[in-house]
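Read through the structure below, which is laid out as structure tokens, and then see the notes.
Just so it is clear, the structure is predicted and the values come from calculations on it, not from any experiment.
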Amino acid sequence: MEERTRRMKIWQRLSYGYLKLLEKTVRIEVRQPECYTGHNVVGFWHEDSFAMNLALRVLSGDGDMSVLVTPDEQGQYFRYLLKRCGGDAVGIGYGFLNAGTLKEILDSLKDKKRSVALAMDGPFGPRHIPKKLTYFLSEKSGIDLVGVTVSYSRAVSLSGQWDHCHIPLPFSKITVRFDNYGVAACQYPPRIRLYQDEKNCSIMSRDNLLTQRGTILEEISTGIAGQRQMM
């Protein structure tokens with residue numbers, strides 16, 4: 001257990017160091033920023049969890065942002081990165097939340113400068129299938145659901161993971177696009193779009209993903225994957 005904890009701390013620090021490198025070298029382009037008002041339920045795909053730490057700087061500029069994370073090692077990993085990047089992590093349980101946790105989250109959304117973000121298909125998939133919690137929070141709070149699509153000019157895709165986690169490369173371009181779906185409803189959920197222009201923006205595009213081996217980045221990515229496999 002001590003060895004496992006030590007390894008986790010090492011990868012947390014390496015991951016944060018890599019995020020700081022990306023912060024200085026990548027270019028972030030925001031599309032349709034008017035869709036995000038600073039008071040939304042924000043949904044993204046789990047595969048973009050790592051890059052969302054960079055996108056948080058864009059999101060937090062218009063208000064406070066709370067990100068929902070699970071209370072396990074995977075959640076602790078992302079909680080560490082969020083905290084170091086200036087984000088606010090809120091621990092939630094697996095599946096649907098208990099009434100107390102839901103009430104706290106909904107009460108926080110009464111603040112007109114507060115948003116809540118979550119991985120719509122997390123924590124364990126199926127991939128690209130939004131969980132009802134995403135719609136529930138929007139419906140019960142009466143706040144618009146904003147979807148975030150992240151695309152990369154160059155990135156490593158961890159295809160061995162259920163979510164195909166994407167790790168952007170230094171000196172690349174990250175495109176963050178917002179789509180406003182209005183107030184969602186559990187019984188009549190919106191059709192979440194992955195992209196508008198498949199050739200240029202698709203997060204599934206093979207042309208935009210590198211699978212190089214034997215680099216320092218690959219070692220970091222493998223470490224991140226290993227950390228995720230322990231969850």
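Transitive grouping of hydrophobic side chains (ILVMFWY, heavy atoms separated by less than 4.5 Å) keeps V26 and F171 in distinct clusters.
For E34, the CD atom sits in a packed shell: over 12 heavy atoms of surrounding residues, nucleotides or ligands are nearer than 6.0 Å.
Residues K131 and P123 form a side-chain contact, since some pair of their non-hydrogen atoms from C-beta on lies under 4.5 Å apart. Considering only heavy atoms from C-beta on, L109 comes within 4.5 Å of V41 through its side chain. For the pair M120/W45, a side-chain contact is recorded, criterion being any heavy-atom separation below 4.5 Å from C-beta on. Here the side chains of R13 and Y80 are in contact, with some heavy-atom distance below 4.5 Å. No side-chain heavy atom of N53 sits less than 4.5 Å from a side-chain heavy atom of L22.
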Step-by-step side-chain contact (heavy atoms from CB on, under 4.5 Å) determination, K103 to L106: CA-CA 5 Å; K103 185 177 185 303; L106 291 173; 5.8 Å; no
Under the criterion side-chain contact (heavy atoms from CB on, under 4.5 Å), I'd like the reasoning laid out for E23 against L54: C-alpha separation, chi angles, the key distance, then a yes or no. CA-CA 7 Å; E23 226 175 53; L54 299 172; 4.2 Å; yes
Working note: N180 + F178, criterion side-chain contact (heavy atoms from CB on, under 4.5 Å); need CA distance, chi angles, decisive distance, verdict. CA-CA 7 Å; N180 191 306; F178 300 113; over 6 Å; no
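A distance of 8.0 Å separates CD in Q12 from CD in Q76, rounded to the nearest 0.5 Å. Considering OG1 of T149 and CD of Q32, their distance stands at 9.0 Å, rounded to 0.5 Å.
Taking both residues in full, the closest heavy atoms of F44 and D121 are given as O-OD1, 4.3 Å, listed atom of the first, atom of the second, then distance. Of all the heavy atoms in S66 and D88, the pair that sits closest is OG-OD2, 2.9 Å. S153 approaches K173 most closely through the heavy-atom pair OG-N, 2.7 Å. What you find for Y18 and P168 is that their closest heavy atoms are OH-O, 2.6 Å. Of all the heavy atoms in G142 and V183, the pair that sits closest is O-CG2, 3.5 Å. Of all non-hydrogen atoms in V116 and M65, the two that sit nearest each other are C-SD, 4.1 Å.
Remark: K83 pairs with no residue by the salt bridge (Lys or Arg N to Asp or Glu O under 4.0 Å) rule, at least two apart or across chains.
Side-chain N/O atoms of R31 and T175 include no donor and acceptor closer than 3.5 Å. One side chain, Y77 or S15, offers a donor N or O that lies under 3.5 Å from an acceptor on the other. Side-chain contact check for Y152 and D48: at least one donor-acceptor pair (N or O, by modelled atom type) lies under 3.5 Å.
Between D163 and the choices H46, R127, H128, the side-chain hydrogen bond (donor to acceptor under 3.5 Å, both in side chains) rule is met once, by H46.
Judged by distance alone, the side chain of S138 and the main-chain N or O of I143 form a donor-acceptor pair under 3.5 Å.
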